[in-house]
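Okay, structure first, notes after.
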2 protein chains.
Amino acid sequence: MASAVPESNAGLMAEELRDAWLALDLGERVEGFRMLDPGEAEQLFDGLEPREQCALLLALSPAERQLWMRQLAPDDAADAVQAADPAAREMLLGALDAPTRREVAALLAYAEDEAGGLMSPRYVRLRPDMSVDEAVAYLRRAARERVETIYYIYVLDAEQRLLGVVSFRDLFAAQPDAPVRQVMRTSIISVRDDLDQEAVANVIAENGLMAVPVLDAEGRIRGIVTVDDIVDVVREEATEDIQKIGGTEALDAPYLQVGLREMVRKRAGWLVVLFVGELLTASAMAIYEDRIARAVVLALFIPLIISSGGNAGSQATTLVIRAMGMGEVNLRDWWRVLRREIWTGLLLGTVLGMIGLIRVLLWPARAQQYGEHFVLIAYTVALSLVGVVLWGALAGSMLPFALRRLGFDPASASAPFVATLVDVTGLVIYFSVASMVLSGTLL
Amino acid sequence: MASAVPESNAGLMAEELRDAWLALDLGERVEGFRMLDPGEAEQLFDGLEPREQCALLLALSPAERQLWMRQLAPDDAADAVQAADPAAREMLLGALDAPTRREVAALLAYAEDEAGGLMSPRYVRLRPDMSVDEAVAYLRRAARERVETIYYIYVLDAEQRLLGVVSFRDLFAAQPDAPVRQVMRTSIISVRDDLDQEAVANVIAENGLMAVPVLDAEGRIRGIVTVDDIVDVVREEATEDIQKIGGTEALDAPYLQVGLREMVRKRAGWLVVLFVGELLTASAMAIYEDRIARAVVLALFIPLIISSGGNAGSQATTLVIRAMGMGEVNLRDWWRVLRREIWTGLLLGTVLGMIGLIRVLLWPARAQQYGEHFVLIAYTVALSLVGVVLWGALAGSMLPFALRRLGFDPASASAPFVATLVDVTGLVIYFSVASMVLSGTLL
């Protein structure tokens with residue numbers, strides 16, 4: 001995978017330590033970290049998750065903590081502080097110098113998962129009437145300070161309102177005596193400070209941006225979000241969505257790092273909810289108990305039929321949740337989605353129904369296993385499949401819209417949840433079809 | 001969401017066009033695109049997916065095609081060409097100037113989803129014994145040319161082997177007469193040109209990099225991958241994983257863009273496979289038909305039991321697939337995962353078993369619905385749940401390892417696939433437990 005150019009043993013050790021990091025306990029991490037040379041320690045430290053940075057910082061000596069805490073950009077420092085227990089936060093904040101502490105405290109006021117919680121307040125700002133030459137000289141000084149990036153420069157008026165953006169590269173390549181105003185771009189994509197991080201990621205990804213300015217409600221610039229922070233956001237959000245779709249609470253930590261108790265807690269919640277929902281199938285089945293007693297053959301196809309509905313529902317809900325997460329589908333698109341799913345569900349149901357029909361009609365032991373009315377059984381199975389698959393596609397695709405409309409995360413419409421919902425209704429559909437087709441013969 | 005600073009109607013129109021893009025047909029897109037002023041057209045064009053760039057380029061006039069094709073960086077041009085039908089590729093390549101055409105052709109030799117297919121060959125390179133001042137002057141010229149970025153500079157020896165990396169910012173802030181060798185970092189994280197793009201994304205994300213150099217088997221630098229390209233990779237890979245986990249083929253296009261025929265095709269494949277697998281449940285049930293006839297009450301709990309196993313399996317497989325995708329879990333970790341899942345599965349099974357036991361024992365209509373042996377039924381249900389949930393967790397967690405070991409994508413162990421597998425075995429577990437507990441009474 002990553003290969004450090006092997007020019008010293010220290011380089012190799014840093015790589016090994018990085019690879020083994022997750023498997024080491026805190027004591028071993030501290031020990032290994034202290035053995036690295038400063039450049040490598042910095043690289044390793046910068047690459048850690050906020051949670052891990054926080055744990056490492058708290059395990060180091062006060063002097064080391066001060067050194068490494070001050071190494072972090074304010075937005076990263078805020079993330080590390082947010083990862084600490086409330087009691088330990090003061091210890092981390094106390095390791096910062098006073099101006100940075102104020103910057104970090106301002107960032108802590110934002111939720112972790114909105115633009116304000118992601119942004120760095122240390123962007124470079126210029127006035128529009130500076131010359132390119134003056135600007136470059138100014139940036140040379142800024143490059144030695146701890147600004148987040150000197151590569152994107154924001155041009156502000158006296159009220160901190162954003163007039164334009166210029167890349168360092170454009171500035172560098174421009175006529176030295178031109179005013180910055182002439183070089184800057186004025187068509188600017190920006191985000192509000194309270195925008196959700198998933199939406200910020202969509203803005204950056206869809207416009208291919210390297211950084212996006214964050215504005216408050218009055219249009220004043222508060223900071224910038226850079227694309228490298230967005231990579232982490234996109235990965236985290238995708239992990240959360242995937243875990244929810246799989247029917248677990250988001251783990252919020254790597255799989256192998258989660259303790260057994262925590263793992264059971266995160267999974268038992270949804271599993272119990274689904275189980276309680278699924279108990280309704282036992283109640284539904286009890287209603288049909290005497291019909292099953294009269295025609296045991298009906299029981300044979302129950303798992304087949306309800307799971308087909310569940311699978312169709314899983315597909316639909318997963319596709320819609322992801323499309324919503326990517327910003328491709330919005331609330332107002334529900335009708336377009338519904339129309340598509342009606343057709344898709346009908347066609348998919350027909351395909352499965354045909355296979356089911358053929359399977360029962362042509363099964364060698366058909367008369368023996370399914371009785372003399374096996375043709376009627378075949379029609380019952382086929383018709384039920386069309387109904388159940390259509391229902392699965394509709395319920396699965398509409399549930400994320402309903403959840404979003406009610407203010408919940410659409411990803412909570414996990415595939416197992418839809419499957420459970422479809423199981424119960426699937427039984428009702430199956431036995432209703434059976435009653436119609438088989439009344440007068442088996443029922 | 002994104003808000004352009006409203007300073008002209010053109011700005012507003014560009015934003016509207018961007019928002020409406022997916023809903024427009026090709027003719028409307030071309031028309032809208034031609035009405036934008038050049039800066040905004042550029043911004044819109046850069047933000048499009050390669051597939052959309054390709055469609056737009058092919059719909060424009062030859063002169064426009066040449067203009068916009070030459071606007072693309074070689075890696076993006078290669079993606080757009082790759083998105084075209086083989087017949088149309090020559091038309092796009094022909095719009096490039098000769099040197100770029102050669103660069104793009106070299107990139108087309110790499111698979112789209114490996115480091116070589118993502119990289120830009122237009123990085124800036126320096127010799128180690130240049131002075132900082134000479135380097136900055138050189139970069140000023142490079143800034144006017146179409147290099148991917150001047151912000152990361154690669155220091156090479158005469159054989160194109162990578163000696164070090166220096167950020168423009170460090171160079172800019174350094175002593176003007178120092179040699180570049182003194183300023184550069186020599187501990188370099190790099191990737192091989194044939195590394196899978198998901199692994200490239202993990203390297204960049206975990207190390208917080210803005211760009212990573214791509215080396216060939218001989219250690220020569222071939223190009224660089226920048227973090228903005230990685231955002232798209234991470235989103236695409238997550239979408240693919242989510243869709244596979246949901247039991248669909250990857251759509252490879254936004255949900256609302258996929259035609260009905262394509263949508264049915266992508267979903268029918270897996271649905272039919274799962275259905276055929278699920279047909280085994282009908283065969284398994286047929287084996288137990290006479291037992292069901294003797295104790296119809298057993299049928300009532302079939303959906304409950306098999307779906308609980310399916311849900312536990314979905315959870316486990318989803319967690320393991322994602323952990324593999326994030327690089328947190330490797331093949332060699334299978335034993336650690338298995339041990340965790342044995343315990344997790346046992347505990348989760350016990351929780352559900354207890355709820356099931358209580359539900360049957362305390363149900364008001366228990367004797368009437370479940371018969372005189374309802375206590376034995378309760379034990380059968382509870383024991384089966386422990387077995388089925390444990391089995392779901394084991395099968396769900398181990399299947400991704402088996403698939404990866406055999407060279408398949410672990411994400412193919414979709415949640416519905418695991419659920420189907422567990423349904424069939426779940427029936428066997430349930431009826432085996434029933435035979436043991438109920439023999440001599442009901443069976």
Side-chain angles (χ1 to χ4, degrees), chain A residues 2 5 11 40 46-47 143-144 150-151 169 172-173 187-189 203 205-208 227-228 231 234 238-239 242 246-248 254-255 260 263-264 267-268 274-275 278 281-282 285-286 292-293 296 299-300 303-304 307 311 314-315 318-319 322-323 328 343-344 347 351-352 369 415-416 423, chain B residues 2 5 11 40 46-47 143-144 150-151 169 172-173 187-189 203 205-208 227-228 231 234 238-239 242 246-248 254-255 260 263-264 267-268 274-275 278 281-282 285-286 292-293 296 299-300 303-304 307 311 314-315 318-319 322-323 328 343-344 347 351-352 369 415-416 423:
Chain A
V5 171
E40 282 166 344
D46 286 348
R144 298 196 187 99
I150 61 161
Y151 303 143
R169 180 174 172 175
F172 198 48
S187 130
I188 308 162
I189 295 167
V203 169
E206 274 152 30
N207 297 288
V227 68
D228 52 322
V231 172
V234 171
T239 300
I242 287 176
T248 327
Y255 173 85
L260 181 65
M263 180 66 87
V264 171
R267 284 160 71 170
L274 297 172
F275 184 77
E278 200 71 33
T281 60
M285 293 283 286
I292 298 172
V296 175
L300 306 192
L304 177 70
S307 75
N311 292 339
S314 292
Q315 287 189 335
T318 308
L319 292 176
R322 186 57 182 167
E328 295 162 10
W343 284 109
T344 309
L347 287 168
V351 170
L352 296 196
Q369 265 179 24
D423 277 358
Chain B
V5 170
E40 282 167 343
D46 286 346
R144 298 195 187 100
I150 60 161
Y151 304 143
R169 180 174 171 175
F172 199 48
S187 129
I188 308 163
I189 294 168
V203 169
E206 273 151 30
N207 297 288
V227 68
D228 52 321
V231 172
V234 171
T239 300
I242 287 175
T248 328
Y255 173 86
L260 181 65
M263 180 67 88
V264 171
R267 284 159 72 167
L274 296 173
F275 184 76
E278 200 71 34
T281 60
M285 294 282 287
I292 299 171
V296 175
L300 307 192
L304 178 70
S307 74
N311 291 341
S314 293
Q315 287 190 335
T318 308
L319 292 176
R322 186 58 182 165
E328 295 162 10
W343 284 108
T344 310
L347 287 169
V351 171
L352 297 194
Q369 266 180 21
D423 276 359

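Below, read A as the first sequence line, B as the second, and so on, with proteins coming before strands; counting in each chain starts at 1. Basis for what follows: all heavy atoms, side chains included, without hydrogens, waters or symmetry-related copies.
Among A:Val231, A:Leu260, A:Leu300, the residue with the largest count of heavy-atom pairs under 4.5 Å with chain B is A:Leu300. Chosen from B:Tyr255, B:Phe275, B:Tyr151, the residue pairing most often with chain A at heavy-atom distances under 4.5 Å is B:Tyr151.
The heavy-atom pair separating A:Gly246 from B:Thr318 by the smallest distance is CA-OG1, 3.4 Å. In terms of heavy atoms, A:Leu304 sits closest to B:Thr281 at N-OG1, 3.7 Å. Closest approach of A:Pro254 to B:Glu328, counting heavy atoms only: CA-OE1, 3.2 Å. The minimum heavy-atom distance between B:Met285 and A:Ala299, with the atom names listed, is CE-O, 3.0 Å.
Listed by chain and residue number, B:Glu278 satisfy the side chain to side chain donor-acceptor pair (under 3.5 Å) test with A:Ser307 (two or more places apart in sequence, or in another chain). For B:Thr239, the side chain to side chain donor-acceptor pair (under 3.5 Å) criterion is met by A:Arg322, not counting sequence neighbours.
Between B:Phe172 and A:Phe172, the two ring planes are perpendicular [angle over 60°; tilted spans 30° to 60°].
Counting only distance, with no hydrogens or angles, the side chain of B:Glu206 and the backbone of A:Gly47 share no donor-acceptor pair below 3.5 Å.
Both the backbone and the side chain of B:Asn311 have a heavy atom closer than 4.5 Å to some heavy atom of chain A. Contacts of B:Ala323 with chain A are made by side-chain atoms alone, with heavy-atom separations under 4.5 Å and no backbone atom involved. Looking at A:Val351, the atoms closer than 4.5 Å to chain B (heavy atoms on both sides) all sit in the side chain, from C-beta outward.
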